[in-house]
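Both counts, for ligands and for their atoms, begin at 1 and track the order of listing.
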Amino acid sequence: MTPAPTTNFQLQPGTQAFLDGGPKQLLIGGEWVAAADGATFATLNPATGAALVDVALAGAADVDRAVTAARAAFEGQAWAGLTGAERGNLLWKVADLLEKYADELAELETLDNGKPLRAARHGDLPMAVRHFRYYAGWAGKLEGTTIPVSHPNQFVYTLREPMGVVGLIIPWNFPLLMAAWKLAPALACGNTALLKPAEETPLTALRLGEIMLEAGIPAGVVNILTGPGLPTGAAISAHPGIDKVAFTGSTDVGRKIMAAAAQSNLKRVSLELGGKSPNVIFADADLDKAIKGALWAVFSTSGQECVAGTRLFVERPAYDAVVEGLAAQAQRIRVGPGFAPKVHIGPMVSDKQLQTVLGYIESGRTAGATIVAGGERIGGDLAEGYFMQPTIFTHSDDSLKLVQEEIFGPVAAVTAFDDWDELVQRANSTRYGLAAGAWTRDLSKAHRFARAVKAGTVWINTYGLFDAAAPFGGYKESGFGREMGAEALDLYTQTKTVWIGL
Ligand code: NDP
């Protein structure tokens with residue numbers, strides 16, 4: 001691990017103006033308003049621990065106001081009266097504006113989340129744009145079917161209709177991109193929305209709210225409610241006026257959201273939850289590529305990714321070489337503030353997340369796992385921020401806490417395996433099933449692995465790629481429902497069957 005130098009980065013004038021514009025308010029019914037009780041909270045820069053700006057903290061009364069605004073917008077002609085193609089045009093304009101303001105949005109993301117500016121500008125931003133364009137294309141193509149039935153003289157067809165008012169609750173690791181993952185298909189399908197960003201990273205969602213208005217999305221169609229899980233998120237998941245909640249975050253909160261949905265109005269729920277993904281290096285793999293790929297599978301975004309390939313299985317003959325290669329390359333990863341030149345990874349998003357990661361490392365040490373790289377918080381110039389060394393453990397005990405639980409930090413657990421049956425059994429020995437990876441030159445082995453592993457996405461000889469067109473979601477306790485691709489349209493529409501007696 002090489003600490004990257006700190007930097008005095010000059011922000012874009014637009015970014016500075018946004019920060020200097022005073023406390024950030026809620027977007028409700030097309031207006032920027034303070035929370036009903038005037039509550040605010042500070043959002044922090046994780047690279048320095050310093051406060052960036054105060055943000056309104058939405059309570060139950062604000063959620064209620066937003067639901068009323070979203071319902072009125074859902075029923076009003078300004079939105080319900082649009083054709084799908086017209087909704088698509090508006091989403092396309094949102095994408096154009098995201099491109100226009102990409103430099104500022106990327107800076108806000110780096111300030112609020114800590115990720116390297118390069119990752120925000122050349123990863124998150126283009127992907128968010130692509131989501132709006134992809135679903136702009138779908139908005140005019142939401143077709144039903146005609147159905148041959150066994151009754152004579154009946155004409156039966158289906159319509160795909162929007163759910164209504166949807167609540168979108170998102171985490172802090174890809175703040176703008178997660179908003180795009182959910183808002184783009186929700187709006188393409190004709191819903192109206194309440195978006196709750198994570199309390200750690202509200203800024204790009206708020207800026208996106210401004211962009212929505214500038215693009216001409218009618219008032220009340222998108223409402224932005226900043227605040228913590230309690231009370232803001234909980235008020236959304238329990239509100240009887242919300243028809244569906246789409247959530248990305250931890251499995252524990254996913255359970256709470258399902259319970260709240262069950263106890264309120266049986267609102268529809270889709271959940272994209274945690275992961276503890278197996279990544280497998282077979283001895284026949286291109287080991288140089290596999291080692292690089294495995295490092296990025298776990299350390300990208302400082303390990304704060306639901307798909308992080310944190311359980312690395314290496315076939316015994318390649319094990320020593322792989323561990324040696326991983327340990328050597330982990331030392332070369334440049335950790336530092338997101339605005340520093342050439343930085344590879346930034347800080348943990350918060351002190352809380354840093355402490356969680358340190359707790360897992362301690363648990364691994366105590367349980368006798370071996371650290372071959374990292375293991376410490378980074379001090380020196382970076383001591384004010386929440387920086388962690390990329391950390392690699394080796395172990396031979398899958399029951400360890402650090403092997404079983406989602407850490408959401410730069411911590412890899414590497415182990416050796418000897419044969420296929422053992423590998424499949426161990427790879428699947430987790431309550432999660434979000435993603436998996438394998439590195440091999442043997443095509444048949446690659447396909448067999450893809451079938452054997454219980455995961456919603458499998459990457460072979462690559463890792464962590466996403467596209468708006470490729471469905472993504474979990475098996476087992478990693479959740480249900482598929483975001484992206486045509487399948488995401490199912491999350492935001494319901495089918496109406498119409499019978500006509502001829
Ligand atoms: P959470 O699951 O708590 O947060 C995700 C979102 O849910 C945030 O907007 C959060 O609000 C909100 N939320 C929290 N509690 C409730 C509630 N009772 N009702 C409705 N919404 C709620 O994740 P954390 O940020 O606490 O991170 C904890 C762990 O979750 C991580 O260490 C990681 O393991 C996992 N995680 C997984 C993610 C994934 O992509 N699968 C993403 C993020 C985290 P707020 O943060 O404002 O309190």
Side-chain angles (χ1 to χ4, degrees), residues 41-44 46 55-60 63 112-113 167-175 177-179 181-182 194-203 205 224-239 242 245-261 263-264 267 269-277 300-308 310 348-360 386 388 401-402 404-411 430-435 456-457 464 466 472-474 476-481 483:
F41 66 100
T43 184
L44 307 183
V55 177
L57 192 161
V63 168
D112 215 11
N113 164 283
L168 312 174
I169 303 178
I170 57 172
W172 39 258
N173 48 354
F174 293 88
L177 183 57
M178 291 288 139
W181 276 23
K182 291 185 167 39
L194 276 67
L195 172 71
K196 191 202 96 59
E199 66 184 295
E200 294 85 351
T201 53
L203 296 185
I224 315 273
L225 293 142
T226 43
L230 283 176
T232 319
I236 291 173
S237 48
H239 200 292
I242 292 181
V245 168
F247 171 75
T248 298
S250 62
T251 295
D252 288 349
V253 173
R255 282 183 214 286
K256 289 185 189 160
I257 286 177
M258 273 191 90
Q263 281 154 18
S264 54
K267 57 175 65 67
V269 172
S270 51
L271 303 174
E272 197 267 278
L273 306 176
K276 193 76 195 174
S277 300
S300 154
T301 321
S302 306
Q304 301 170 118
E305 287 191 13
C306 50
V307 296
T310 45
M348 302 286 90
V349 77
S350 63
D351 186 48
K352 180 174 155 232
Q353 194 60 22
L354 175 74
Q355 299 310 327
T356 302
V357 174
L358 289 170
Y360 277 106
Y386 314 129
M388 263 308 300
K401 201 166 128 123
L402 82 99
Q404 284 302 319
E405 297 184 13
E406 181 173 54
I407 300 175
F408 237 62
V411 184
T430 163
R431 67 184 177 125
Y432 295 114
L434 194 58
T457 296
F466 290 90
F472 174 74
K476 302 197 274 185
E477 292 182 39
S478 291
F480 49 82
E483 301 198 284

Novice: Please determine whether any non-hydrogen atom of E200 lies less than 4.0 Å from an atom of ligand 1.
Specialist: yes

Novice: Side chain, backbone, both or neither: which part of I170 comes within less than 4.0 Å of ligand 1 when only heavy atoms are counted?
Specialist: backbone

Novice: Take T43 and L203 through the side chain to side chain contact (heavy atoms under 4.5 Å, CB included) test and state the conclusion after the steps.
Specialist: CA-CA 8 Å; T43 184; L203 296 185; 4.0 Å; yes

Novice: Tell me the protein heavy atom at minimum distance from atom 44 (C) of ligand 1, and give that distance in Å.
Specialist: F408 CE2, 3.7 Å

Novice: From the options F174, Y360, F247, select the one whose nearest heavy atom is closest to atom 7 (O) of ligand 1.
Specialist: F247

Novice: Within the structure provided, determine whether I169 and T248 are in side-chain contact (heavy-atom separation under 4.5 Å).
Specialist: no

Novice: Who's the nearest protein heavy-atom neighbour of atom 19 (N) of ligand 1, and how far?
Specialist: A234 N, 3.4 Å

Novice: Does an N or O from T248, backbone or side chain, lie closer than 3.5 Å to an N or O of ligand 1?
Specialist: no

Novice: When you measure from the heavy atoms of Q304 to every atom of ligand 1, does any distance fall below 4.0 Å?
Specialist: no

Novice: Is any heavy atom of the protein nearer than 4.0 Å to atom 4 (O) of ligand 1?
Specialist: no

Novice: Contact between ligand 1 and S478 is defined here as a heavy atom of the residue under 4.0 Å from a ligand atom; is it met?
Specialist: no

Novice: Tell me which part of M348 gets within contact of ligand 1: side chain, backbone, both or neither, using heavy atoms under 4.0 Å.
Specialist: neither

Novice: What closest approach, in Å, do W172 and N113 show between heavy atoms, and which atom pair accounts for it?
Specialist: O-ND2, 2.7 Å

Novice: At a 4.0 Å threshold, what atoms of ligand 1 neighbour a non-hydrogen atom of P171?
Specialist: 42 (C), 43 (C)

Novice: Enumerate the atoms of ligand 1 whose separation from the nearest heavy atom of K352 is less than 4.0 angstrom.
Specialist: 26 (O)

Novice: Under the salt bridge (charged side-chain N to carboxylate O under 4.0 Å, His left out) rule, what do E477 and R255 come out as? Steps first, then yes or no, please.
Specialist: CA-CA 10 Å; E477 292 182 39; R255 282 183 214 286; 2.6 Å; yes

Novice: Between K182 and E483, is there a side-chain N and carboxylate O pair less than 4.0 Å apart?
Specialist: yes

Novice: Is the closest side-chain heavy-atom distance between K401 and Y360 below 4.5 Å?
Specialist: yes

Novice: Would you call the rings of F466 and W181 parallel, tilted or perpendicular if under 30° counts as parallel and over 60° as perpendicular?
Specialist: tilted

Novice: Can you pull out the closest protein heavy atom to atom 24 (P) of ligand 1? Residue, atom name and distance to 0.1 Å, please.
Specialist: W172 NE1, 3.8 Å

Novice: Taking Q353's backbone N and O only, do any of them form a donor-acceptor pair with S350's side chain (distance below 3.5 Å, no angle check)?
Specialist: yes

Novice: Should the proximity of T356 to ligand 1, defined as any heavy atom under 4.0 Å, be assigned to the side chain, the backbone, both, or neither?
Specialist: neither

Novice: Are any of the side-chain heavy atoms of S277 and T310 separated by less than 4.5 Å?
Specialist: no

Novice: For a quick test of reading the model, state the closest non-hydrogen atom pair linking L402 to K276 and the distance between them.
Specialist: O-NZ, 2.9 Å

Novice: Between G274 and Y432, what is the shortest heavy-atom contact and its length?
Specialist: O-CD2, 3.3 Å

Novice: Which heavy atom of L434 sits nearest to which heavy atom of G275, and what is that distance?
Specialist: CB-CA, 4.2 Å

Novice: Report yes or no: does Q353 have a heavy atom closer than 4.0 Å to ligand 1?
Specialist: yes

Novice: Hey, mind stepping through T430 and Q404 against side-chain hydrogen bond (donor to acceptor under 3.5 Å, both in side chains) and telling me if it holds?
Specialist: CA-CA 6 Å; T430 163; Q404 284 302 319; 4.8 Å; no

Novice: Determine whether N173 and F408 satisfy the following criterion, side chain to side chain contact (heavy atoms under 4.5 Å, CB included), listing intermediate values before the conclusion.
Specialist: CA-CA 10 Å; N173 48 354; F408 237 62; 3.4 Å; yes

Novice: Output yes when the distance from some N or O of ligand 1 to some N or O of K256 is under 3.5 Å, and no in every other case.
Specialist: no

Novice: How long is the gap from CD on Q355 to CG on D351, to the nearest 0.5 Å?
Specialist: 4.5 Å

Novice: How far is atom 1 (P) of ligand 1 from its nearest protein heavy atom, and which residue and atom name does that atom have?
Specialist: S250 OG, 3.6 Å

Novice: Identify which one of I170, V245, I236 satisfies the side chain to side chain contact (heavy atoms under 4.5 Å, CB included) criterion when paired with K196.
Specialist: I236

Novice: Pairs of nitrogen or oxygen atoms closer than 3.5 Å, one from G229 and one from ligand 1: do any exist?
Specialist: yes

Novice: Closer than 4.0 Å to some heavy atom of L273 - which atoms of ligand 1 meet that?
Specialist: 41 (N)

Novice: For atom 47 (O) of ligand 1, what is the closest protein heavy atom, and at what distance to 0.1 Å?
Specialist: E199 N, 2.7 Å

Novice: Is there a nitrogen or oxygen of G249 sitting under 3.5 Å from a nitrogen or oxygen of ligand 1?
Specialist: yes

Novice: For atom 12 (C) of ligand 1, what's the nearest protein heavy-atom neighbour? Residue, atom name and distance, please.
Specialist: I169 CG2, 3.8 Å

Novice: At less than 4.0 angstrom from any non-hydrogen atom of G274, what atoms of ligand 1 do you find?
Specialist: 41 (N)

Novice: Name the closest protein heavy atom to atom 40 (O) of ligand 1, giving the residue it belongs to and the distance to 0.1 Å.
Specialist: C306 CB, 3.3 Å

Novice: Among L271, V245, V253, D252, whose heavy atom sits nearest atom 16 (C) of ligand 1?
Specialist: V253

Novice: Return the closest protein heavy atom for atom 34 (O) of ligand 1 as residue, atom name and distance.
Specialist: E406 OE1, 2.7 Å

Novice: Going by the order shown, which atoms of ligand 1 are within less than 4.0 Å of some heavy atom of G227?
Specialist: 47 (O)

